[in-house]
Amino acid sequence: MSTTDDLPNSEPLETRFNSIALQDEEQEQPESSSRLQAQPPEEESLCRSVNGDGILEIRRVDGDGGTRNGCGWRRTNSELEMDGPSSPSSSGYAGERGTSGEDDEIVEISNDVAVMDSQLPWTPGKRHVDEDDASISWRKRKKHFFILSYSGKPIYSRYGDELKLAGFSATLQAIISFVENGGDRVKLVRAGKHQVIFLVKGPIYLVCISCTEEPYESLRGQLELIYGQMILILTKSVNRCFEKNPKFDMTPLLGGTDVVFSSLIHSFSWNPATFLHAYTCLPLAYATRQAAGAILHDVADSGVLFAILMCKHKVVSLVGAQKASLHPDDMLLLSNFITSSDSFRTSESFSPICLPRYNPMAFLYAYVHYFDVDTYLVLLTTSSDAFYHLKDCRIRIEMVLLKSNVLSEVQRSMLDGGMRVEELPGCLLPHSASPRLGQHKQSTDSLERFREPFVGIGGPAGLWHFIYRSIYLDQYVASEFSSPINSPRQQKRLYRAYRKLYASMHDIGNGSHKTQFRRDENYVLLCWVTPDFELYAAFDPLADKALAIKTCNRVCQWIKDVENEIFLLGASPFSW
Amino acid sequence: MSNKASSSQSSIGFSMSSTMSHAYIQYPPMRCSITGSRGLFYDDGNKLLISPTSDQVYLWKTTPFSPHEAPTSDPISEGPILSIRYSLDARFRAIQRSSQEIQFWQKETGDTFNHKCKSESESILGFFWTDCPLGDIVLVKTSGLDLLSFDSESKSLQLVETRRLNVSWYVYTHESRLVLLASGMQCKSFTGFQLSTAGIIRLPRFEMVMAKTEANNKPVLSADDVYIVTVYGRIYCLQIDRVAMLLHSYRFYRDAVVQQGSLPIYSSKIAISVVDNVLLVHQVEAKVVILYDIFADSRAPISAPLPLLFRGLPRISSSSRSNGKEGESSEVNVTENETIVYGDDWTFLVPDLICDVSNKLLWKIHLDLEAISASSSEVPSILEFLQRRKLEASKTKQLCLGMTRTAILERRPVTMVARVIEVLVSSYAHALKTGTYPKGTKPEMTSSSSEEHSGSPRYESTGRVDALGKSVKHESNAGINNKSPIRSSNISTSESEDNTHFESLRINSPLQKVVKENFVGTQISTSEVQPTSFQSQHLGLSSNPLKATDGDRQDTHLTSPVISPDDLYNFVFAPVEEELVGDPSYLVAIIVEYLRSANAEKIKVHPDLFVLTIQLLARSERYSELVLSIINKVLEPSKEVAMQLMESGRQNFHIRKLGLDMLRQLSLHHDYVVLLAREGYYLEALRYARKHKVNTIQPTLFLEAALASNDSQVLAAVLRFFGDFMPGFRNSMDHRTYARILNEMSSITAT
Amino acid sequence: MPLWLIPFPVLFSLKICKLKEVMGLASVNAANDGMQFCVFDLKRGQQEGQELDKILFFFPADLPFSTQLSVIGLSEGLITFTRIFSPEAACEVIEAERHSHIFYEAEPDIWMVMIVEKSKASEAIWRVDALQKVLKEVHNLFMMFHGSIRSMIEKEPSGGLVRTHLYSFIMDYLNVFLITKKLQLPSFRDCLMERGTVQMLTVGREAAIEVQSLVKVLEYSAGSASCYSLIMFQDLLVSTTLSPEDTVNLFTYAVLRLTPRALSSGVSSWSSLLRGSTASNATATSTSTHSGSVSEQQYHSRDASPGQSNSNHIERPLQHDRWHKGKDGFLGTDIQISEMGSLISATPTIYLQQTGERMYLCAYQYKSLTLILLLPVSSLLNGEQGVSQVKQQIVESASLKMLKVEEKLSKGWGGENAYHVSGYRYLLVDDRHVSRASPAAKVTTLTKESLLAMNKLREEVDLEKNRAKLDNMGKEKDMEICIRAKNNAWVIARTTRGKELYMVLEKANETLLYAADAVEKFSNRYCGGAFSLD
């Protein structure tokens, strides 16, 4: 991580602003910049060529000729020399870039301000492009994310058009460098309900301005993930571009990736993996998962680094070659990258990606193929010309999966969903259905009959939701959302409470606490951290302490009972 | 309620306000004129006025003093009558025919017998009946005392005991059971005997102090210079020293007689009366009377000497009743010489009667407590004086209440009002301890304020208890005509006549009694000289405090002016709070002082007083003081106090919280849960209800509150809570309706 | 045009670039170790080259002006920046890796910023709220003695008067924290202590009535003047007739300078409370000379505009040994030389925070009973003479009662460890600024992990409380957190309806129910069941 003090001209805070504000938009052009061209991909094939100026071009070819939603991209990654104009106007940057990110709430200024109806289903991509730091609605957003270069150039902003935010981004940079001039590094500024979190990663500055009640550690973790996502796309070698030219404009490099960032930011509100650093598996019968694992295993022997079969963000099976271990964060970023860009769905693709935790400096090549609308296979290799080999492997895997109808089982499991609090076995309440998961009952209708009259008040002793994380397996299982936690907003509020609980338990300073009981007007939260598992449980605020503890023990028991269906056992990277 | 100072009974004849009087004689007197009457005799044993005629003897009961009561009469035989007294059980009558002979007459059988002295050398100075168990009658002879008892068969008197000493004259009062035998050249050395139910006690000889005249001739003390008075159950002897113009007082102890200082006198002719334990020293020539309350040691008179006046004279007296000189009276039935105060032939009978021998009238002396109170600005001491009075108890009580109210309304200095309240509280506390204030009766107050008190400092002034106890025993065996139980109410305030009788009867304190009160005496006035060898046996006769048998006594039958905490609240603090204008902190200061003295005497205060204080403090926004007095429990917690805190705290949240906390501390669970929910803390209320199993709560109250928060999670929580907490709720109507509402809410939000 | 209309960067940089020209070269931030503390007024120093005028107080005063200006520049920059997003609550804290900047807007546009260093070696782990309360406390005390800073500025716009007063006042105040030459600011070891609160003495009913009767006697013996009274026994409050805020201010000052312990030890009891050890009696003069002298000239030289009437005598109420026991039982002081300059020292006056009323401050002490009387200046027309006359009246009428109260209180006095509950290390705070805690000596028996865990928990609770305050003004945060820390100690926090309970149980066994039960017992026994919930 290059520290700032060796930056060529570290000016005190005020000159920074000075240089930004007073000069007009046109800055003198850095002599070299990477180009990001939008070019219609050829048919079917994806080829890599190095164009004249040594910029690696990876053109992705998709099946039906047209670029889906018009944001076909081609990234060139200059290994060596950096040149070419990077003025914003010239970069193909102007493509439609809706605001990414979760349903964009506005914090209620006062009760009467109409809150954006957050019930709308989330649409990917960037929205509210028109806003800038002067508009009130922009200022009232609940959570902003910015990425800027150490010279103050905006790279990404969740809301508003980066170009219009050049001034604001310069201010952020000015604050960071002013403090650094004092031989210190700013981490957090708190004002009322707002927190401004700064994360410096070499030449890249990441800033989050949030008034959600998430703790500092949790928001900082989100910035780390966003940086990780950027590295996944560009690798860390991008830092060298800045070493050569501090005014290097990175934005073209990230052309068309807004949808990836907005989907990642959206996942902060619904995906526990974003703070648990663990992945989750699709509940499957042990045999089925073994079958899938076996075929992946064969493929892995033949030069494939990792073979992952996933359905949405849930792992079906995962195999890593020779001691290679895949960090859950890398999987999260990878799956987010794949599921957020539609282009992967249209046809098999072969694209360079970097796994920040695995090796931030080097590119790997990912062969992605969707078997059905949600289930996809990712094969990772180090060699850039293994496309056809991976294509054969995929065909072999596909055949076996179809033969052992793994895919249909996957579909059915997606429909059935995972564990439900109402189905906690062994509780006295009449309305508890027999544990569906355990006995593979064919028809699910019997379940429906049970659930109808008592819908809505959660499980026994007011259990609403739980997350169980196996430390050894790096995997977690979370119960499905059931009434009374229905709307996305309610789910987001619960996850924020979890984040607070997680941060409180894992205070980096002196290791993690062992048990926590936390009650306020919204939830009763219980948490145990033991050497081999962590349990987070959320109850209604009127839950009785003793009953809640008993219920948690029963949840752990239930998880142990159905362990081999909800976890990928033996898949741990160190298994072979 | 406040009973204005003017005396209520005064009829038109009341003398002009210019001549104030603290003691008065109430018209009409008792008329005891009988044609052919050979004189008037007073038998203080039975409180009878006796007027013998040639063949009949007419008896007037002087207690209760009812002027129009007709006399009873007994036959009497001829012969000179030196003195006449009936036996205490009224079965015998003894008449001293001559200095040697006493004639007895038995009422039932009618036969008579005589008793003669043995030797001529001695002569009978007088006799008196006694309730001493050893004998019935005591003869005082020049040679000493003979105690004789009546033998019914032989119808004669047997000599039981005799004490040899030569006697010049003697003084005896039945109420003190004490006989003082004067002997010696100047008759100033005395021997005293107390003959009471507890036996005969001989007092050590003692000399009375006589000032020497310049001519150095030794004045001789005469019988009417010595008075025996019983005040607050203590027996004093007052001796007039005309040379020094002083009235010396002695106090009798079992084994000693102690000089108690002397009072100045302003006329050579003095008369002594005792009304309601107040000593009246009549300066006959000066025609004024000085009142002394010798409870405390100070010998200062209660007020300036004032005339003794007639009250209730039935004629319109236009002319001003000058001091003592009567105006022309046109009224036919009242001759003007009847209205001469301190007439020449006025004789003063024990304890508070005056017999106008020439006009054959018997007057009773009364005290005008209002006039006395109005005369002094020293409210606390006046109140102490009033609290010790027993007659007209309810009038005195209203008087005390009135004075306290006016003291507060006039915003007198807090220290003075505090002293006033302290007097009332301590007198109440004492009355409770000595049982004189019937515990159960709450004539004024509805809810019986819990007055259980542990023992506390003794209440010395009247020692009524022992007398009561004593007299009960005494009455039962002596069968004196007043059969009704001592405590019975009918005695109390009807014209105080019987009361004094009742008073004296009860004070029939054997020397034993002296022992006790002396012991008592040591407490109150440390300065009083104490006989060294005195050893207070246990007060054999201090009976247990009498319980009020019939609870619902009318106000009029109150036997003591003592003011209970409930009276103090209802008749002082409550009315004053309405009338008092301006900064309430003055009244709060007084309430604090009241709490201090009540706490010192371990007396419970009327709970509404705390409610009143909260209103005062809240009105003057002295929130810090209010909070402190609640936290330190100066204002004792109760439901009423808690509710008042909620009320006064409508604007101030902290005060409301104090109210809520108090409800919790008093474990009034239901109220606490309901009020907590009303304040908006319905989740906390439910948790509290679960913890304390308050299953009287209304689910809908909480379900509505949860619904109002339009958060489906909260509604689900409350619904689930009642499902688990309240058996049978799950299949109740409420459950179904709210579950349906919950479904609708969640289905909207889920899309 | 309204502030937020100007596109932000222009506004921001406008101010900043002015600073650059004034200071010349970029100043190296000679952030010396330890603490920096400054008070500045945003309204001042707007024009060119006047930036220095913003600074009303800076510690250490000998820091080069360039550094001072850069600190102020950063602070002002961030206040403006955070106001974009949170107009109603501007910057409160800047957490950097090696420093924390604590902000407190004492009065509109008058900011106090404290910069503390996070050197790992020292025990420099603290709670933002605790440090903010230090700023709040010194400001409240300043306002008590001198009125608001803004009013003092208006009295003398050049700022000379306010600077000299602020300088001597804050330096004396900082002395409270000076132990063995090093500024010991509140750290995580003080997590079971709450600054800005009052500690009460529990009195039985009988004693309480006596006290209240004494209060009433005081009130009435002051005659026409309605006098407020504050009664303390040793360092604990017994009764007050003042509002909670004024009570806290006066109590804090009394514990520092007036109580028998403060008078005798010459060192503020707060610092000794903190350390429990007898701190070196570094008199104020020594530190102030060391750093004061340098800046004294600068301040004076810059602002010694002619014709300034400031009498060279500045009241220094916070200085050591300014109070002494007078013969008549009253505490005498030479803080305020009476206007006529006569030798007899005038009775000091203070301002009530709520009503702003000016009151004479008289303190009477009998053994360990301290009586503080506030007599309204407006009602005592003949000034000093009137005060001594009222004092006389009070002594006459109340001295007997005082003896009685003192005797009753000392009989019931449980000694230093009266409020110790064995097995518990607790802190109780209620919303009338009253707190009760395990004695400091007992808290030090806790392990460092437990103290750190509790400190972090309190930090979390502070965040929750502030958020709740901003969210719905009405309701206080009602919550309960029980944590079993790494070292098996239970760290518990409960807030309900304004009352807060923090507790550490080190020897408790592992189950959550056991810990909850322990709290229930404590709550039922000592808090009237306030915290017993389930």
Side-chain angles (χ1 to χ4, degrees), chain A residues 10-18 20-22 132-134 136 139-140 144 167-168 170-172 174-175 178-179 181-194 196 209 211 213 215-216 500 504-505 507 509-521 526 544-546 549, chain C residues 4-5 7-10 12-14 16-17 19-20 26-27 29 31 70 73-74 77-78 81-86 88-99 128 449 452-453 456-457 460 463-464 466-467 470-471 477-486 488 510-513 516 534:
Chain A
S10 65
E11 291 147 0
L13 192 65
E14 58 288 359
T15 51
R16 285 302 167 119
F17 296 149
N18 180 351
I20 298 295
L22 289 191
D132 67 6
D133 55 306
I136 281 296
R139 294 182 176 196
K140 286 301 161 206
H144 285 274
F168 182 74
T171 312
L172 293 179
I175 294 175
F178 187 89
V179 175
N181 289 345
D184 203 342
R185 169 161 297 166
V186 66
K187 295 195 312 186
L188 160 73
V189 175
R190 200 180 314 122
K193 293 198 280 188
H194 279 76
V196 184
I209 302 178
C211 67
E213 51 189 298
Y216 162 70
K500 252 196 296 188
S504 166
M505 284 299 278
D507 165 8
N510 48 19
S512 69
H513 294 316
K514 295 189 174 173
T515 318
Q516 178 160 163
F517 171 88
R518 180 183 282 254
R519 174 185 57 71
D520 61 10
E521 62 277 10
L526 268 162
D544 171 75
K545 211 175 260 170
I549 294 169
Chain C
W4 54 268
L5 268 185
F8 164 72
V10 170
F12 192 80
S13 59
L14 209 62
I16 294 303
C17 69
L19 279 176
K20 176 176 175 302
S27 70
N29 185 332
S70 74
L74 173 66
L78 274 163
F81 176 75
T82 47
R83 280 223 170 102
I84 308 168
F85 298 93
S86 159
E88 74 286 351
C91 184
E92 279 158 21
V93 67
I94 306 176
E95 290 287 356
E97 264 155 22
R98 287 180 43 224
H99 291 90
V128 169
E449 290 80 19
L452 284 172
K456 175 120 190 5
L457 176 58
E460 277 176 52
L463 288 179
E464 292 285 335
N466 296 344
R467 174 170 279 278
L470 293 168
D471 275 350
K477 185 77 184 171
D478 168 13
M479 76 184 196
E480 170 189 352
I481 303 177
C482 308
I483 297 178
R484 182 155 170 262
K486 203 151 140 350
N488 289 339
E510 74 285 359
T511 63
L512 170 63
L513 288 184
D534 41 19

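Chain letters run A, B, ... following the sequence lines, proteins first, then strands; residues in each count from 1. As the structure is a prediction and not an experimental result, all values here were calculated from the model.
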Which atoms of [X] approach chain A - backbone, side chain, both or neither, heavy atom under 4.5 Å:
X: C:A485; value: both
X: C:L463; value: side chain
X: C:E88; value: neither

Would you mind telling me which of A:D520, A:V196, A:T515 has the largest number of heavy-atom pairs within less than 4.5 Å of chain C? A:T515
Pick whichever of A:Q516, A:R190, A:E213 has the most heavy-atom pairs under 4.5 Å with chain C. A:R190
Nearest 0.5 Å please: distance from the [atom1] atom of [X] over to the [atom2] atom of [Y].
X: C:L78; Y: A:F178; atom1: CG; atom2: CZ; value: 9.5 Å
X: A:R518; Y: C:E480; atom1: CZ; atom2: CD; value: 11.5 Å
X: C:I483; Y: A:K514; atom1: CD1; atom2: NZ; value: 14.0 Å
X: A:I175; Y: C:I94; atom1: CD1; atom2: CD1; value: 8.0 Å
X: C:H99; Y: A:K187; atom1: NE2; atom2: NZ; value: 13.0 Å

Considering all heavy atoms of both residues, which atom of [X] and which atom of [Y] are nearest to each other, and what is their separation?
X: C:S86; Y: A:A191; result: OG-O, 3.6 Å
X: C:R467; Y: A:C211; result: NH2-O, 2.7 Å
X: A:K545; Y: C:A516; result: NZ-CB, 3.4 Å
X: A:S504; Y: C:E460; result: OG-OE2, 3.0 Å
X: A:G192; Y: C:E92; result: N-OE2, 3.0 Å
X: A:K140; Y: C:F85; result: NZ-O, 3.6 Å

Side-chain contact, heavy-atom cut-off 4.5 Å: [X] with [Y]?
X: C:T82; Y: A:H194; value: no
X: C:L512; Y: A:L526; value: yes
X: C:D471; Y: A:K193; value: yes

Within the distance-only criterion (no hydrogens, no angle test), does the side chain of A:D184 pair as donor or acceptor with the backbone N or O of C:R98 below 3.5 angstrom?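 Yes; judged by distance alone, with no hydrogens or angles, the pair exists.
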Can you sort out the partners of C:E95 under side-chain hydrogen bond (donor to acceptor under 3.5 Å, both in side chains), two or more places apart, ordered by chain and number?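 Listed in chain order: C:S100, C:K118.
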Is it the backbone or the side chain of A:I549 that comes under 4.5 Å from a heavy atom of chain C, or both, or neither? side chain
What is the ring orientation for C:F81 with A:F168, classed by angle as parallel under 30°, tilted 30 to 60°, or perpendicular over 60°?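 Rings of C:F81 and A:F168: parallel, under 30°.
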Which of C:E97, C:K456, C:M479 touches chain A most, by non-hydrogen pairs under 4.5 Å: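 Highest number of heavy-atom pairs under 4.5 Å: C:E97.
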